[in-house]
Amino acid sequence: MAEGAAKRSASPTRAISPPPLRRKVDSTVTKKSAANFFTPASQKKPEPITWRVIGTSVVIGKQITGKAVPPTGKQRRIAGFDLDSTLIKTKSGNVFPKSATDWQWWNAKVPGRLKELNAEGCQVVIFSNQKKISVQKDIKGGRSDSKSLSNFKEKMTAVMTELDFPVSVYAATTDPEYRKPRLGMWHEFLDDYDLDVAGVDLPASVFVGDAAGRPGDHSAVDRGFATNIGMPFKTPEEFFLGQITEPASMGFDPMSFVKTDLEEPAKPFTRKHPLELVIFCGSPGAGKSTFYWNHLEPLGYERVNQDILKTRPKCLKVAREYLEAKKSVAVDNTNADPETRAHWTTLAKELSIPIRCVQFISTPELCRHNNAVRASNKELVCIRNVPSLSSSRPRSYPNQNPESRTSLPGIAFGDFARRFRAPTLDEGFDDIIPVEFQFHGSEEAKGLWGQYWV
């Protein structure tokens, strides 16, 4: 026993490790967030501002906090506003903001007036064209400049938070069907708030925007938007400052081209020769194809169109084959200049066939309008140009866009204007028939065509 104890006392002392230290970990979970995690969904407070994006077409933000005054009537009064140069402007003075914080109220009276509208029971909503937002690029990760979706949200969050009452913003990006003056954002708004059922008191509502068609305005899309909706329109100067602003000089009014069935129709096209070649001369969107379907196709003319046949040599070849088969031909192309028309006058001379020209007289604004309506309403039943005197009513075709043509770029209209030289009898035409654009159609068609689309 003693010997064992001595051996143990003589052995070297063994190192004994101290107990491990318990490190303190700082939690990032606050009492508030922890309580919110365990709170039933039905008891959680809603987010003050919610966002959603429809495809890559429109960004929608809604602030649901703050005091909202219920409407006084069955129908809702709407106070709609454009955003830039109407409610806000840049601090920097640049046309486009440098950052999400580069904004200030357009005028010091703006926020107070908006709060008054809310107190009066109006639904305040912002409709803005924001083509510089690239939703797709932001989704793919990684834009942080002033054009990004995230920066737009940050800016609008600050704007709506400062107002401190329920307000929503609809921002159209690249999809033309949502961009003002078209009604895509308006219809989305009506659906969001069930106003397509409850209804809107349009005469008592208002839309305010700076794109009013005045001299110096970049466009008239805000005035056109209000006109399409059917509500009164005011400029920011009129609405917030009580000023009298310059009258609009929009120039183009689609309803001025909508004719009633009681109006005397213009002189229609008639055949002059048993066999003849007819060429059209007019801008894209001037109504050439519809004129063919309404007036020449019923008379038995075959149609030659370069959009379908792709090349002029192919058009000339097909036209020659028709003519040699004793079938009259209508050339449904723009034929803007004498050099282009000379291909057809030469063909007529070779075959000893009279050639006639139908010249479509229309403004660039009208043609762009027709182009937009055609591309956006492919199944629209509409009758354009003058009706035939051979029947009591013009013929109706179920689809006035049979080739399902998409919207043409602006360069197409500029190119025609650059090349255009009015046709003359010296080119060899038997006659030149001027056609001024008119629109005839059902009430539904008139309602669509009579809207502003560009």
Side-chain angles (χ1 to χ4, degrees), residues 57-59 80-90 93-97 103 106-107 125-134 146-147 152 169-189 206-240 243-257 283-285 362-376 407-414 417 448-454:
S57 303
V58 61
V59 180
F81 296 88
D82 178 44
L83 178 64
D84 298 304
S85 300
T86 297
L87 296 183
I88 64 173
K89 60 184 178 181
T90 61
N94 291 354
V95 175
F96 302 111
W103 74 274
W106 178 79
N107 184 276
V125 57
I126 301 167
F127 296 102
S128 177
N129 287 349
Q130 294 287 334
K131 195 171 184 178
K132 289 190 173 293
I133 295 177
S134 178
S146 61
K147 301 176 185 178
F152 178 77
V169 58
Y170 292 74
T173 55
T174 57
D175 188 339
E177 301 312 309
Y178 283 92
R179 292 175 60 78
K180 296 177 296 186
R182 305 186 191 188
L183 296 178
M185 286 192 290
W186 174 253
H187 290 148
E188 195 67 32
F189 163 70
V206 68
F207 185 77
V208 182
D210 67 303
R214 300 165 294 179
D217 286 352
H218 62 85
S219 74
V221 297
D222 288 330
R223 187 182 294 273
F225 184 64
T227 300
N228 287 348
I229 294 171
M231 67 168 55
F233 172 80
K234 289 183 179 295
T235 64
E237 292 82 1
E238 290 171 327
F239 187 80
F240 291 113
Q243 298 178 357
I244 298 175
T245 59
E246 294 182 78
S249 58
M250 295 175 68
F252 175 71
D253 177 9
M255 291 305 296
S256 67
F257 294 91
S283 169
S362 55
T363 64
E365 292 82 8
L366 171 63
C367 294
R368 288 186 176 92
H369 176 83
N370 280 338
N371 170 58
V373 176
R374 177 179 65 191
S376 301
S407 183
L408 294 171
I411 191 173
F413 304 98
L448 284 172
W449 192 91
Q451 295 177 9
Y452 287 92
W453 289 84
V454 180

Asker: Do Asp84 and Trp106 have a side chain donor and acceptor closer than 3.5 Å?
Answerer: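 No, no side-chain donor-acceptor pair sits under 3.5 Å.
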Asker: How long is the gap from CE on Met185 to CG on Asp175, to the nearest 0.5 Å?
Answerer: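 Interatomic distance, Met185 CE to Asp175 CG, rounded to 0.5 Å: 10.5 Å.
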Asker: Please verify the inter-ring angle class for His369 with Phe252; under 30° counts as parallel, over 60° as perpendicular, anything in between as tilted.
Answerer: tilted
Asker: Quick check: closest heavy atoms across Pro284 and Cys367, and the distance to 0.1 Å?
Answerer: O-CB, 3.2 Å
Asker: So, applying side chain to side chain contact (heavy atoms under 4.5 Å, CB included) with Phe207, which one of Phe239, Trp186, Phe127 is it?
Answerer: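 For Phe207, the side chain to side chain contact (heavy atoms under 4.5 Å, CB included) test succeeds with only one of Phe239, Trp186, Phe127, which is Phe127.
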Asker: Could you grab the distance from atom OG of Ser85 to atom CG of Asp222, nearest 0.5 Å is fine?
Answerer: 10.0 Å
Asker: Would you compute the distance between atom CH2 of Trp453 and atom CG of Leu183 and round it to the nearest 0.5 angstrom?
Answerer: 7.5 Å
Asker: If you round to the nearest 0.5 Å, how far is CG of Leu366 from CZ of Phe257?
Answerer: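 Rounded to the nearest 0.5 Å, the CZ-CG separation comes out at 4.5 Å.
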Asker: Please determine whether a side-chain nitrogen of the Lys or Arg among Arg223 and Asp217 lies less than 4.0 Å from a carboxylate oxygen of the Asp or Glu.
Answerer: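 Looking at Asp217 together with Arg223, the answer is no, because their closest N to O distance does not fall below 4.0 Å.
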Asker: Going through the distances and angles, do Tyr452 and Asp253 end up as a side chain to side chain contact (heavy atoms under 4.5 Å, CB included)?
Answerer: CA-CA 8 Å; Tyr452 287 92; Asp253 177 9; 3.7 Å; yes
Asker: Report the residue from Asn228, Asp82, Asn129 that forms a side-chain hydrogen bond (donor to acceptor under 3.5 Å, both in side chains) with Lys180.
Answerer: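 Running side-chain hydrogen bond (donor to acceptor under 3.5 Å, both in side chains) over Asn228, Asp82, Asn129 with Lys180 returns exactly one hit, Asp82.
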Asker: Using 0.5 Å steps for rounding, measure from the CD1 atom of Ile133 to the OG1 atom of Thr173.
Answerer: 7.0 Å
